[in-house]
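Read the numbers this way: they start at 1 and go in the same order the structure lists the ligands and their atoms.
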Amino acid sequence: MANAVKGVIAGAKGAPVQVETILVPDPGPGEVLVRIQACGVCHTDLHYREGAITNDFPFLLGHEASGIVEKVGPNVTNVAPGDFVILAWRAPCGTCRSCLRGRPWYCFASRNAQQKMTRQDGTPLAAAIGIGAFAELALVAAGQAVKVNPAARPEAAGLVGCGIMAGLGAAINTAGVSRGDSVAVIGCGGVGNAAIAGAKLAGAHTIIGVDVDDRKLEWAKQFGATHTINSRHTDPVQAIRDLTGGNGVNVAIEAVGKPETYRQAFYARDHAGTVVLVGVPSPEMKIELPLLEVFGRGGVLRSSWYGDCLPTRDFPMYIDLYLQGRLDLERFVSETITLDKVEEAFHKMERGEVLRSVVVF
Ligand SMILES: [Zn+2]
Ligand SMILES: [Zn+2]
């Protein structure tokens, strides 16, 4: 049986998104149907709408979500109806070359639901990052539904499913920030501020937030930045060196995804330091660096995909840290909105007015 519910559809490249009635199938083998309680509006949803990811329109958007398991299909053992879950867009297969090497956070065959959600006329919908949670019900692979403590507020918990995990994981999993480190985070939106919160949680001593927007720098302080730099007025590389005894930081996290900010991260780190790129560049971007500097500065240049997270390990842990008062997830929720306000939320996001708008159902 298919369930008729409201969902947010991106029908054509660049066109405003619309709420439509969609059909969500009941779960088949290995699938789970989740009644969505909250879903954050992420830049990736906007990238889908702009055709910047693939051209497989129409898309069912939404992927930073939490909810209650409504039904499970045959052979599902990790969750049961009534469980509170966060949806993950990484559900390791267990059998690809990366999973077999013990690195499931790089899984190359992450699982999604087999059945398609459709328009009422049967047109299949491509679900954003294999989820599609701007809808009252979402159908996912069982491994994408990760059970967490139900005491968490759904609006805050859902954010761990994407952007906040990307930032926390960039600092903790990819960079391996530890006690006493100095860290700079370039770009203080949702992901960057989550990287700042992650650096603080990991015990960093100096945490420097860099952005061109004073409002975002104010947020950065609230999440744990010990210093902030407005790079519109100040050369951030020199300012970061000045704050670190002339040396640069141990870890520089680039949360913008542009060549100029990557170059800042590259030069703002100390010798043998680490650069992590978590901002997502667009296809035409290129970077040129003196190869002698790449060699001579040593250290590590890494990219962070989804914070190199393992959802079954990381989601329950971060929810517990939040419930203990050690991770302020609530602060990322700038506003709660209804399903018909997603297009408006994209504009607020583009103007930098919000960390996260969250759809509540
Ligand atoms: Zn795998
Ligand atoms: Zn996202």
Side-chain angles (χ1 to χ4, degrees), residues 8 10 17 30 36 38-50 52-54 59-67 78 86-112 126-135 138 140-144 146 155-170 187 189-195 198 255-257 277-282 303-315 318 329 332-334 337 342 345-346 348-350 354-359:
V8 174
V17 298
I36 301 299
C39 183
V41 179
C42 174
H43 274 96
T44 307
D45 294 305
L46 181 58
H47 290 157
Y48 273 106
R49 192 202 70 173
E50 289 171 343
I53 297 183
T54 72
F59 291 107
L60 172 60
L61 300 183
H63 60 276
E64 281 191 356
S66 65
N78 63 317
I86 298 175
L87 301 185
W89 48 270
R90 175 175 293 145
C93 70
T95 54
C96 74
R97 63 194 189 280
S98 192
C99 285
L100 291 176
R101 292 182 72 207
R103 297 172 175 183
W105 45 89
Y106 300 139
C107 178
F108 296 110
S110 184
R111 294 200 165 136
N112 295 129
I129 327 191
I131 295 184
F134 285 147
V140 295
Q144 292 182 272
V146 179
E155 295 88 314
L159 302 185
V160 173
C162 183
I164 303 313
M165 185 65 248
L168 291 167
V191 173
N193 275 314
V256 181
L277 176 64
V278 64
V280 183
S282 50
S303 305
S304 186
W305 307 330
Y306 199 2
D308 294 342
C309 76
L310 189 53
T312 48
R313 175 195 66 191
D314 293 348
F315 290 5
Y318 288 117
L329 293 179
F332 288 101
V333 182
S334 307
I337 60 172
V342 170
F346 283 151
K348 288 183 196 168
M349 189 169 71
E350 286 181 302
V354 289
L355 274 174
R356 274 295 186 270
S357 303
V358 181
V359 175

- [ ] Tell me, yes or no, whether the heavy-atom count around R313 atom CZ, taken from other residues, nucleotides or ligands under 6.0 Å, exceeds 12.
- [x] yes
Open item on the list: Below 30° counts as parallel, above 60° as perpendicular, anything between as tilted: where do the rings of W305 and Y106 land?
Closed with: perpendicular
Open item on the list: At a cut-off of 2.8 Å, what protein N/O/S atoms sit near the Zn ion (ligand 1)?
Closed with: C93 SG, C96 SG, C99 SG, C107 SG
Task: I53 CD1 to I129 CD1 distance, which is reported to the nearest 0.5 Å - done: 6.5 Å
Open item on the list: Closer than 2.8 Å to the Zn ion (ligand 2): does that hold for any N, O or S atom in C162?
Closed with: yes
Open item on the list: With rounding to the nearest 0.5 angstrom, report the SG to CG distance, C93 to L100.
Closed with: 7.5 Å
Open item on the list: Rounded to the nearest 0.5 Å, what separates atom OG in S334 from atom CZ in R356?
Closed with: 9.0 Å
TODO: Hey, could you give me the CD/CE distance between E64 and M165, rounded to the nearest 0.5 Å?
DONE: 12.0 Å
Open item on the list: Using 0.5 Å steps for rounding, measure from the CG atom of L61 to the NE2 atom of H47.
Closed with: 12.5 Å
Task: Which atom of H63 approaches the Zn ion (ligand 2) most closely (N/O/S) - done: NE2
